[in-house]
Amino acid sequence: MTAARLRRLLTGAYLVLFFGYLFLPLGIMAAATFNSSRFPTVTPWMGFTLGWFQALWEDQRMWAALGTSLLVGAGVIALAVPLGLAAALLLDRLHSRARTFLYALMVSPLLTPGVIVGISTLVFWREWFGVSGGLFLTVVAQSSFIAAYAMLLFSARLERFDPALEEAALDLGATHGQVFRRITLPYLMPAILSAALLAFLQSFENYNTTLFVRGLDTTLTVFIATKVRTGLTPAVNALSLVLIALTILGAVVYEILRRREARRQAGSAVALKTA
């Protein structure tokens, strides 16, 4: 066996193990959705059923928790993305020794345990402003560290930005607001979309921080954790399967639109060359 053939075999085996490690739990979870057993398992197999989708549809508490998670995620996007953008712009424009200190200060929430973030947010707002736990504190607590993720995305995008574009616009008479709206913001739009998606996903799956600031409101992760202690049913698997299907559908639609736009741009470039 040649070295190249051995390398291909090892690479193939590694890829099989890698994707198996990623997707096998999801496959087991999906299969448990169709098992008539009242426990989320595939062994023993009690028979095929679609009844857990019906149970999911009738579980009003789960839908309420999902709605709360979606509402909190939208609030986190609205707060964390602008905060991350402002922090990234500040660091990009700052050229002094304070830049390193401010960068470390803004990234520090990522290194702080979620439990500490949740408790400190609750204590601060309750003691100083009389605000108890609820949706507002949940959004604030999550945004305090999710904004740092957004900042890192914007900073990476700004590393490739040419400041001469802004300087040229200012020399031509544009105001700083016009420069930001017409040059900087369109350039950052891919990073803004990525930061919004990342902020929503981080908010949706957060548990440690949310547990201490949610008050009487229940997000989906807290609801599922509670069900684990009191008795989890495959209705949760059904919800996970629906969310996975929607994610795959969204990815397929995005890829179709991206390829269509790429073909349109390629056709426009060919038309310009032949004109």
Side-chain angles (χ1 to χ4, degrees), residues 56 59-91 98-155 191-233 235-236 239-240 243:
L56 170 64
D59 194 338
Q60 298 302 319
R61 291 183 58 198
M62 185 181 296
W63 286 111
L66 177 60
T68 301
S69 291
L70 294 177
L71 186 60
V72 171
V76 170
I77 291 175
L79 184 59
V81 173
L83 286 176
L85 177 58
L89 290 173
L90 174 63
L91 291 176
R99 186 177 188 275
T100 302
F101 171 76
L102 288 177
Y103 178 83
L105 182 65
M106 294 173 181
V107 174
S108 61
L110 297 179
L111 307 177
T112 306
V115 174
I116 302 300
V117 174
I119 294 176
S120 59
T121 301
L122 178 62
V123 171
F124 174 79
W125 283 90
R126 186 175 59 189
E127 295 296 329
W128 286 86
F129 301 100
V131 179
S132 57
L135 292 179
F136 173 76
L137 279 194
T138 303
V139 171
V140 171
Q142 291 184 3
S143 299
S144 63
F145 68 91
I146 294 177
Y149 287 110
M151 182 201 70
L152 294 176
L153 286 175
F154 291 129
S155 297
I192 292 174
L193 297 177
S194 299
L197 179 60
L198 178 62
F200 177 80
L201 293 177
Q202 286 288 328
S203 171
F204 194 82
E205 61 86 25
N206 183 264
Y207 174 77
N208 292 335
T209 301
T210 305
L211 183 65
F212 294 94
V213 294
R214 66 184 180 90
L216 298 178
D217 298 299
T218 302
T219 61
L220 185 62
T221 52
V222 174
F223 176 81
I224 292 176
T226 303
K227 294 286 285 185
V228 168
R229 294 193 297 267
T230 60
L232 194 64
T233 68
V236 176
L239 177 61
S240 301
L243 293 176

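These figures come from a predicted structure and were not determined experimentally.
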Next on the checklist: One pair to check against side-chain contact (heavy atoms from CB on, under 4.5 Å): Phe145 and Asn206. What are the steps and the verdict?
Outcome noted: CA-CA 11 Å; Phe145 68 91; Asn206 183 264; 3.5 Å; yes
Next on the checklist: Before you tell me yes or no, could you show the steps for Leu135 and Thr68 under side-chain contact (heavy atoms from CB on, under 4.5 Å), namely the whole-Å CA-CA distance, both residues' side-chain angles and the distance that decides it to 0.1 Å?
Outcome noted: CA-CA 8 Å; Leu135 292 179; Thr68 301; 3.6 Å; yes
Next on the checklist: Pair Thr219, Arg214 - check side-chain contact (heavy atoms from CB on, under 4.5 Å), show working.
Outcome noted: CA-CA 8 Å; Thr219 61; Arg214 66 184 180 90; 5.5 Å; no
Checklist entry - When you look at Phe212 and Val117, which way does the side-chain contact (heavy atoms from CB on, under 4.5 Å) test go after all the steps? => result CA-CA 9 Å; Phe212 294 94; Val117 174; over 6 Å; no
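Atom CG of residue Leu243 and atom CG of residue Leu66 lie 6.5 Å apart, to the nearest 0.5 angstrom. Taking CD1 of Ile192 as the start and CD1 of Ile77 as the end, the distance is 12.5 Å to the nearest 0.5 Å. Summarising the geometry, atom OG1 belonging to Thr209 is positioned 12.0 Å from atom CG belonging to Leu137; distances are rounded to the nearest 0.5 Å. Atom CG of Leu89 sits about 8.5 Å away from atom CZ of Phe154, to the nearest 0.5 Å. The structure places CD1 of Ile119 at 8.5 Å from CG of Leu122, a figure rounded to the nearest 0.5 Å. Distance CD1/Ile116 to CG/Asn208: 10.5 Å, rounded to 0.5 Å.
When atom types are taken as modelled, the side chain of Ser108 and the backbone of Leu105 share a donor-acceptor pair closer than 3.5 angstrom. Within the 3.5 Å criterion, the main-chain N or O of Ala141 finds a donor-acceptor partner in the side chain of Ser144. Between the side chain of Thr221 and the main chain of Glu205, no donor-acceptor pair closer than 3.5 Å is present. For Trp128 (side chain) and Val123 (main-chain N/O), no donor-acceptor pair under 3.5 Å exists by modelled atom type. One N or O on the side chain of Thr226 and one on the backbone of Val222 form a donor-acceptor pair closer than 3.5 Å. Looking at Ser69, its side chain does come within 3.5 Å of a backbone N or O of Leu220 through a donor-acceptor pair. The backbone N or O of Leu91 lies less than 3.5 Å from a partner atom in the side chain of Arg99, making a donor-acceptor pair.
Side-chain contact between Tyr103 and Leu90 is absent, with no heavy-atom pair separated by less than 4.5 Å. Residues Thr138 and Asp217 are not in side-chain contact: their nearest non-hydrogen atoms beyond the backbone lie 4.5 Å or more apart. Residues Val140 and Val131 have side chains not in contact (no heavy-atom distance under 4.5 Å, counting atoms from C-beta outward). A 4.5 Å side-chain heavy-atom check between Leu56 and Trp63 finds at least one atom pair inside the cut-off.
Counting non-hydrogen atoms of other residues, nucleotides and ligands closer than 6.0 Å to CG of Leu111 gives a total above 12.
Considering all non-hydrogen atoms of both residues, Ala148 and Met106 come closest at CB-O, 3.5 Å. For the residue pair Ala150 and Ala80, the shortest heavy atom distance occurs at CB-O, 4.1 Å. Minimum interatomic distance between Ser203 and Val76 (heavy atoms only, all atoms of both residues): OG-CG2, 3.7 Å. Here the closest heavy-atom approach between residue Leu83 and residue Ala147 is recorded as CB-CB, 4.0 Å.
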